[in-house]
Asker: 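Shown below is the structure under consideration.
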Amino acid sequence: MKILYRGPLYSCNYSCDYCPFAKAKESRETLKRDKQALSRFIDWLTEQKQPIGILFTPWGEALIRRWYRQAIIDLSLMPHIEKVAIQTNLSCSLDWLEDCDKSKVALWTTYHPSQVKLARFLDKCQVLDQQGIAYSVGMVGLKEHLNEIALLRRELRPEVYLWINAYQEIPDYYTQAEREYLKSIDPLFDYNAIPHKSKGRRCQTGETVVSINGDGDVRRCHFVKEVIGNIYSGDMVLKPRLCPNQFCDCHIGYVHLNDLGLYEVFGEGVLERQLYHRSSTTDLRKERINNINYMD
């Protein structure tokens with residue numbers, strides 16, 4: 001089972017123009033509630049027996065909070081936890097990773113050119129390389145950052161997947177040449193550049209993947225409001241489900257649509273959005289990436 005966890009936390013130490021949570025700050029009470037919710041979630045996970053992978057998807061930046069760093073350490077050391085990943089801007093110290101089972105920890109990192117110098121971000125990536133931590137790197141594909149995208153791709157190890165989130169606030173934002181350029185950087189860019197028709201289509205969410213909030217309420221994913229159970233009352237029911245939404249336009253949603261075939265592409269890197277290039281599956285993934293049947 002894969003779990004996407006999102007607690008009450010919504011604060012961020014960055015102030016990106018395109019983000020509604022830029023420089024947001026919670027009250028002490030909200031931070032206390034978030035810490036307590038996470039602790040309760042960890043206690044529940046401790047009691048589970050089945051193999052579990054976890055992706056923390058906070059609205060803001062969680063790794064600047066000590067309790068998230070400790071949670072990842074503790075979870076990585078649990079035998080039944082197969083992987084623990086988190087979305088992060090990589091602004092925190094990375095020393096704590098030395099206390100983890102590094103084979104189980106993965107980071108979904110994002111570079112924000114308006115908030116941090118490229119050299120500083122790359123220094124953090126180098127630390128992750130030295131520590132043997134799995135990670136992906138991504139950017140929002142703003143036109144003013146196209147040169148930064150090229151520089152980042154040049155400096156990262158070839159094995160590190162650089163994904164580009166399409167900017168969708170302005171219709172027809174990209175020229176065809178710009179689209180082709182971004183596809184040369186991220187071969188999966190077209191998947192993110194369109195809303196996928198999802199209503200009535202099979203999806204792993206609600207069956208092998210669930211979204212859990214700080215109160216323990218279970219939803220099939222972050223984008224479907226219907227509650228299908230609660231982990232603390234023990235009434236969570238997992239079964240095949242069809243998507244009720246007309247469209248799905250976020251990676252953490254559409255990656256689980258069965259007929260897009262993205263599980264074949266990402267393999268064990270689904271949670272952290274990383275393309276692994278292992279000898280046993282490299283040819284399959286290259287073939288799948290080079291012959292994408294873009295839907296919708």
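Model, not experiment: these values are computed from the prediction. Throughout, numbering of the chain's residues begins at 1 and tracks the sequence.
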Asker: Got a donor-acceptor contact below 3.5 angstrom from the T57 side chain to the R6 backbone?
Answerer: no
Asker: Can you see whether S11 engages R65 through a side-chain donor-acceptor pair at a distance of less than 3.5 angstrom?
Answerer: yes
Asker: Do Q70 and D74 have side-chain heavy atoms sitting under 4.5 Å apart?
Answerer: yes
Asker: What is the distance from atom CD1 of I72 to atom CG of L107, rounded to the nearest 0.5 Å?
Answerer: 7.0 Å
Asker: Can you list every pair that meets salt bridge (Lys or Arg N to Asp or Glu O under 4.0 Å) and has a residue in residues 204-218, with sequence neighbours left out?
Answerer: R202-E207
Asker: Do H196 and Y191 pair up side chain to side chain, a donor and an acceptor below 3.5 Å, judged on atom types alone?
Answerer: no
Asker: Tell me, please, which residues at least two apart from P244 pass side-chain contact (heavy atoms from CB on, under 4.5 Å).
Answerer: R220, V224
Asker: With a 3.5 Å distance limit and no angle check, can you tell me whether K102 reaches the backbone of G132 through a side-chain donor-acceptor pair?
Answerer: no
Asker: With the side chain counted from C-beta on, respond yes when N147 and I149 share a heavy-atom pair under 4.5 Å apart, and no when they do not.
Answerer: no
Asker: With sequence neighbours excluded, what pairs up with S184 under the side chain to side chain donor-acceptor pair (under 3.5 Å) test?
Answerer: none
Asker: Can you confirm whether D235 is buried at CG, in the sense that more than 12 heavy atoms of other residues, nucleotides or ligands lie under 6.0 Å from that atom?
Answerer: yes
Asker: Please enumerate all residues that pass side-chain contact (heavy atoms from CB on, under 4.5 Å) together with N192, with sequence neighbours excluded.
Answerer: N165, A166, Q168, H251, Y254, R273
Asker: Q131: what forms a side chain to side chain donor-acceptor pair (under 3.5 Å) with it, not counting sequence neighbours?
Answerer: E98
Asker: Supply the atom-to-atom distance Q48 CD to I231 CD1, rounded to the nearest 0.5 angstrom.
Answerer: 7.5 Å
Asker: Below 4.5 Å, heavy atoms only, C-beta onward: do Y167 and Y174 meet side chain to side chain?
Answerer: yes
Asker: Any heavy-atom pair between the side chains of L9 and F56 that's under 4.5 Å?
Answerer: no
Asker: Distance from C203 atom SG to L257 atom CG, nearest 0.5 Å?
Answerer: 4.5 Å
Asker: Quick one: side chain to side chain donor-acceptor pair (under 3.5 Å) partners of D172, sequence neighbours excluded?
Answerer: none
Asker: Flag the pair H256 / C248 as yes when at least one side-chain heavy-atom distance between them is below 4.5 Å, and no otherwise.
Answerer: no
Asker: Enumerate the residue pairs fulfilling salt bridge (Lys or Arg N to Asp or Glu O under 4.0 Å) with a member in residues 125-147, sequence neighbours excluded, ordered by first and then second residue.
Answerer: D129-R157, K143-E178
Asker: Go through the steps to decide whether L188 and Y161 satisfy the test side chain to side chain contact (heavy atoms under 4.5 Å, CB included), and finish with yes or no.
Answerer: CA-CA 10 Å; L188 303 180; Y161 175 43; 3.5 Å; yes
Asker: With distance as the sole test, does K83 use its side chain to make a donor-acceptor pair with the main-chain N or O of E268 at under 3.5 Å?
Answerer: yes
Asker: Do T88 and W108 have side chains that get closer than 4.5 Å, going by heavy atoms?
Answerer: no
Asker: Which residues pass the salt bridge (Lys or Arg N to Asp or Glu O under 4.0 Å) test with D249, not counting sequence neighbours?
Answerer: none
Asker: Listed by chain and number, what are the side-chain contact (heavy atoms from CB on, under 4.5 Å) partners of R40, not counting sequence neighbours?
Answerer: Y232
Asker: Output yes when a side-chain donor or acceptor of K199 lies under 3.5 Å from a complementary backbone atom of L242, and no otherwise.
Answerer: no
Asker: Sub-3.5 Å donor-acceptor pair from the side chain of R241 to the main-chain atoms of G206, do we have one?
Answerer: yes
Asker: Would you tell me whether H222 and S211 have side-chain atoms, one donor and one acceptor, within less than 3.5 Å of each other?
Answerer: yes
Asker: Does the ring centre of Y5 sit less than 6.0 Å away from the ring centre of Y68?
Answerer: no
Asker: Who pairs with K32 by side-chain contact (heavy atoms from CB on, under 4.5 Å), at least two apart in sequence or on another chain?
Answerer: E29, Q36
Asker: If a pair satisfies ring pair (Phe, Tyr, Trp, His ring centres under 6.0 Å) and one of its residues is in residues 111-154, list it, with sequence neighbours excluded.
Answerer: Y14-H112, Y111-F121
Asker: Output yes when a side-chain donor or acceptor of T46 lies under 3.5 Å from a complementary backbone atom of I42, and no otherwise.
Answerer: yes
Asker: Is the closest side-chain heavy-atom distance between V137 and C125 below 4.5 Å?
Answerer: yes
Asker: Is it the case that the side chains of S91 and N13 hold a donor-acceptor pair, with the cut-off being a distance below 3.5 Å and no angle test?
Answerer: yes
Asker: So which pairs with a foot in residues 110-121 pass salt bridge (Lys or Arg N to Asp or Glu O under 4.0 Å), sequence neighbours left out?
Answerer: none
Asker: Quick one: does F266's side chain get under 4.5 Å of Q274's, heavy atoms only?
Answerer: no
